[in-house]
Amino acid sequence: MARVSVGGPGENGVVRIVIAGDGPGWATLIDPDTGARLHTVRRAELPALVSKLEGQRPRWVWHDTREWAPGFLAAGVRVERAHDLRLAGAILEASDVAAEARRAVEGRPPWLRRGPAEAAALGVADDVPGPDRSGSVPAATLFDDWATAGDATAAHPLAADPMAGHPVADEVVGSAAESPDALVAEYRRQCAVIDASGQPGRLRLLLAAESAGALIACELTAAGVPWSADEHRRVLEGELGSRPFGFGKPARMLELAGEVRAALEAPRVNLDSQADLLRTLRAAGLAVDSTSKWALRRLDHPAIRPLLEYKRLARLLSANGWAWLDEWVADGRFRPEYVPAGTASGRWATSGGGALQLPKQVRRALVADPGWRLVVADAAQLEPRVLAGLAHDTAMAAAGRGRDVYAGLVDAGVVGSRDEAKYAVLGAIYGATSGESGRLVPRLARAYPRAMALVDRAAADGERGRRVTTLLGRSSPVPGADWRALQARASQPDASSADERRARSAAREWGRFTRNFVVQGSAAEWAVCWMAALRGRLATIGAGRPATTPAGASGPVFARVPHLVYFLHDEVIVHTPAEHAHTVADAVRASAAEAGRILFGTFPVEFPLDARIVESYADAD
DNA sequence: TGGGCCCGCGCC
DNA sequence: AAAGGGCGCGGGCCCA
């Protein structure tokens, strides 16, 4: 290709280019501002073209990151920035921040862009200036066309509720049609909604971060988690005995099942059947109404010890046994498929492989390649720190400065022990009303009234069926028809006390969900910003080294350069050549600080990490 | 036979 | 020791 043309400049001069499928085997690149078709190429030629254009550092606009990024990665091409129309559309459709703007944009020619002045005229609350960020923000390469100073840290979304009493749409926008024109139209519509929202910087930051997450998810799958099948087999054989032939149970489980049956005098009981087991336990005179291990543990009977051991092994076998190994691990890599923002709160999910539930037992199989290391880092007490930042609770932030948050609560005299501090904090975030945790919450409320007021407000909104919103503008779903019907029935004059009790219980349950949503969802935003910042820093650590070496197990994109291989809510693992490990650990910490500044400006809340350089994940605890 | 439900339990 | 929020997954079981 002789001369490469690019799309027009967007925010802060960053070029945007729409990529759309254009008939079978073809792809078209479009300037979203003019609608001009820049290039139409065969899909096989697309990675090379994208690689060339990537020098302009554009933001690639496409329907779904999963549609394009895996092919680019397979061809050895990574892109820096994207706008995922599918993810962005879902967020914009639900966000209370954009509720007014959605209605305003609808029905108008989508290419008519609006500015903040018009949004103000629509009655949408203006951005409230956030903390002073001057001088503290580094070049945030992923976000520099999106985050406009200040408004990402606008007053907490719960502080004002401009949408109170307004009906809200709860359907999620359908996927954009595949045609190039439809994609461009949808992109323009989204831009118009963002511009009219009154808080465009906040939403742009959220969408940029989510789109970066979508790229990262594809890269995680492409890189794979370094996994020693031999080490995994050693774990299985140590626990279960040798692998059974066919569908038989491992020898160790058969022995234990024999002990249980003998102790219960029930030679035919099926230990894998919850119903059968419960019946048998009761027939043996045990007062129990569940076969959960917590319920069983309370019982005093010779069958219990072998039964608990049997259940532990059965779990290992079915969740992460030999069949799992056969299905998910190949060529020294475990390749789960992540679903970014797959949960309501924005936390990630997985589809297949159970990557978010890797039990501690098998983590010793997660080992670095020879000559490589794992940098394992998790954010210490992320949720309470995020809550302190959300609520601008300076006392709570101070408790965690330079130390463990829970230790800080003890030092401040709020509670007597670290365990009590943990239960109190988790109880406040999850909505505990009873038990040890519920008993401790009032002490937390006295010490940190701002933080407590924030989660209480979120719970109260949820109990009334309202949406609540995270720091960057992701709103919770509204409860379903069954829930609304329950509430409606309870408010009828002839409602029974049972109706009222049921409605009250459902309302409280939804309130616990929304209470947790604002904290969990904002923490998820911190985490994806952390990862996006880290991804940018890692790219510079490997820069200048030969990027294409004989393809290793990780593929040419990741050969010889540090790269993310695992993400778990508040924890990341980077696989890195040993000589870069300390540089990577520094980058991980710097990225956490950067995420804190992006979300909370100069508000003095810290995000310390537990970071370790290890050869096996099992050594990181 | 397959879908959908519940249960139990792994992770945060 | 369990409690409060969020998940995914496998097994049993019921039903069409």
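In what follows, every heavy atom counts, from backbone to side chain, and hydrogens, waters and symmetry copies are set aside.
Taking 4.0 Å as the cut-off between side-chain N and carboxylate O, A:Glu594 and A:Arg597 do not count as a salt-bridged pair. Taking a cutoff of 4.0 Å between a charged side-chain nitrogen and a carboxylate oxygen, A:Asp461 and A:Arg466 qualify as a salt bridge. Using a 4.0 Å cut-off between a side-chain N of Lys or Arg and a carboxylate O of Asp or Glu, A:Lys249 and A:Asp272 qualify as a salt bridge. The residues A:Arg233 and A:Asp230 are annotated as salt-bridged, a charged nitrogen and a carboxylate oxygen being separated by less than 4.0 angstrom. At a threshold of 4.0 Å, the pair A:Asp326-A:Arg243 counts as salt-bridged, since one of the basic side-chain nitrogens sits closer than that to a carboxylate oxygen.
In this structure, the nucleotide among B:dC9, C:dG6, C:dG4 sitting nearest to the side chain of A:Ser434 is C:dG4. Each of B:dG8, C:dG12, C:dC9 was ranked by its minimum atom distance to the side chain of A:Gln357; first place goes to C:dC9. The listed nucleotides are B:dC9, C:dG5, B:dG8; the one nearest the side chain of A:Tyr430 is C:dG5. The nucleotide whose nearest atom lies closest to any side-chain atom of A:Ser273 is, among C:dG5, B:dG10, C:dC13, C:dC13. With distances taken from any side-chain atom of A:Ser292 to the nucleotides B:dG10, B:dG8, C:dG5, the minimum falls on B:dG8. Set against C:dG10, C:dG12, B:dC9, the side chain of A:Ser318 has C:dG10 as its closest nucleotide.
Here A:Lys360 reaches the OP1 or OP2 of B:dC12: one of its side-chain N or O atoms lies under 4.0 Å away. Residue A:Arg512 has a polar side-chain atom (N or O) positioned under 4.0 Å from OP1 or OP2 of C:dG5. At least one side-chain nitrogen or oxygen of A:Gln274 sits closer than 4.0 Å to the OP1 or OP2 atom of B:dG8. For C:dA1, the OP1/OP2 oxygens have no side-chain nitrogen or oxygen of A:Lys293 closer than 4.0 Å. Within the 4.0 Å cut-off from OP1 or OP2 of B:dG8, at least one side-chain nitrogen or oxygen of A:Thr291 is found.
In this entry the distance linking CD1 of A:Ile573 with P of B:dC11 reads 14 Å, nearest Å. Residue A:Gln520 contributes atom CD, which lies 11 Å from atom P of C:dG5 at whole-angstrom precision. Counting to the nearest Å, the P atom of B:dC7 and the CG atom of A:Asp289 are 11 Å from each other. Between A:Lys422 atom NZ and C:dG5 atom P there is a gap of 18 Å when expressed in whole angstrom units. Residue A:Leu356 contributes atom CG, which lies 14 Å from atom P of C:dG10 at whole-angstrom precision. Straight-line distance from the CH2 atom of A:Trp328 to the P atom of B:dG10: 21 Å, rounded to whole Å. Atom P of nucleotide B:dC7 and atom CG of A:Asn270 are separated by 17 Å, given to the nearest angstrom. Between A:Arg515 atom CZ and C:dG4 atom C1' there is a gap of 9 Å when expressed in whole angstrom units.
Dense packing is recorded around CD of A:Glu500, with more than 12 heavy atoms of other residues, nucleotides or ligands lying under 6.0 Å away.
Residue contacts shown for A:Arg312 are absent, as no nucleic acid heavy atom lies under 4.0 Å away. Within 4.0 Å (heavy atoms only), A:Ala349 reaches sugar-phosphate atoms of the nucleic acid but no base atom. Counting any heavy atom pair closer than 4.0 Å across all strands shown, A:Thr433 reaches no nucleic acid atom. Backbone-only contact: A:Leu358 has heavy atoms under 4.0 Å from sugar-phosphate atoms and none from a base. Across all strands, A:Tyr423 comes closer than 4.0 Å to base atoms (heavy-atom distances).
At a non-hydrogen distance threshold of 4.0 Å, A:Glu436, A:Ser437 from residues 436-448 of chain A come into contact with DNA chain C.
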Review item, side-chain donor-acceptor pairs of residues 295-307 of chain A, under 3.5 Å, at least two apart:
{"residue": "A:His301", "atom": "ND1", "partner": "A:Ala303", "partner atom": "N", "Å": "2.9"}
{"residue": "A:Arg305", "atom": "NH2", "partner": "A:Glu259", "partner atom": "OE1", "Å": "2.9"}

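Comparing the helix axis at one end of the helix from B:dT1-C:dA16 to B:dC12-C:dG5 with that at the other, each defined from 5 consecutive pairs, gives an inter-axis angle of 0° (nearest 10°).
A donor-acceptor pair under 3.5 Å is absent between the side-chain atoms of A:Ser95 and the main chain of A:Ile91, judged by distance alone. Without hydrogens or angle criteria, A:Thr514 side chain to A:Ala458 main chain gives a donor-acceptor distance under 3.5 Å.
Checked against a 6.0 Å centroid threshold, the rings of A:His232 and A:Trp322 do not count as neighbours.
Nearest-nucleotide mapping onto DNA chain C: of A:Arg298 and A:Glu509, the residue sitting toward the 5' end is A:Arg298.
Nucleotide C:dG4 carries a syn base; the chi torsion (O4'-C1'-N9-C4 or O4'-C1'-N1-C2) is within 90° of 0.
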*asked:* Using side chain to side chain contact (heavy atoms under 4.5 Å, CB included), reason through A:His569 and A:Trp348 one step at a time and then give a plain yes or no.
replied: CA-CA 7 Å; A:His569 306 316; A:Trp348 289 22; 5.6 Å; no

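For B:dC9, its base sits under 3.5 Å from the side chain of A:Arg315 at one donor and acceptor pair at least.
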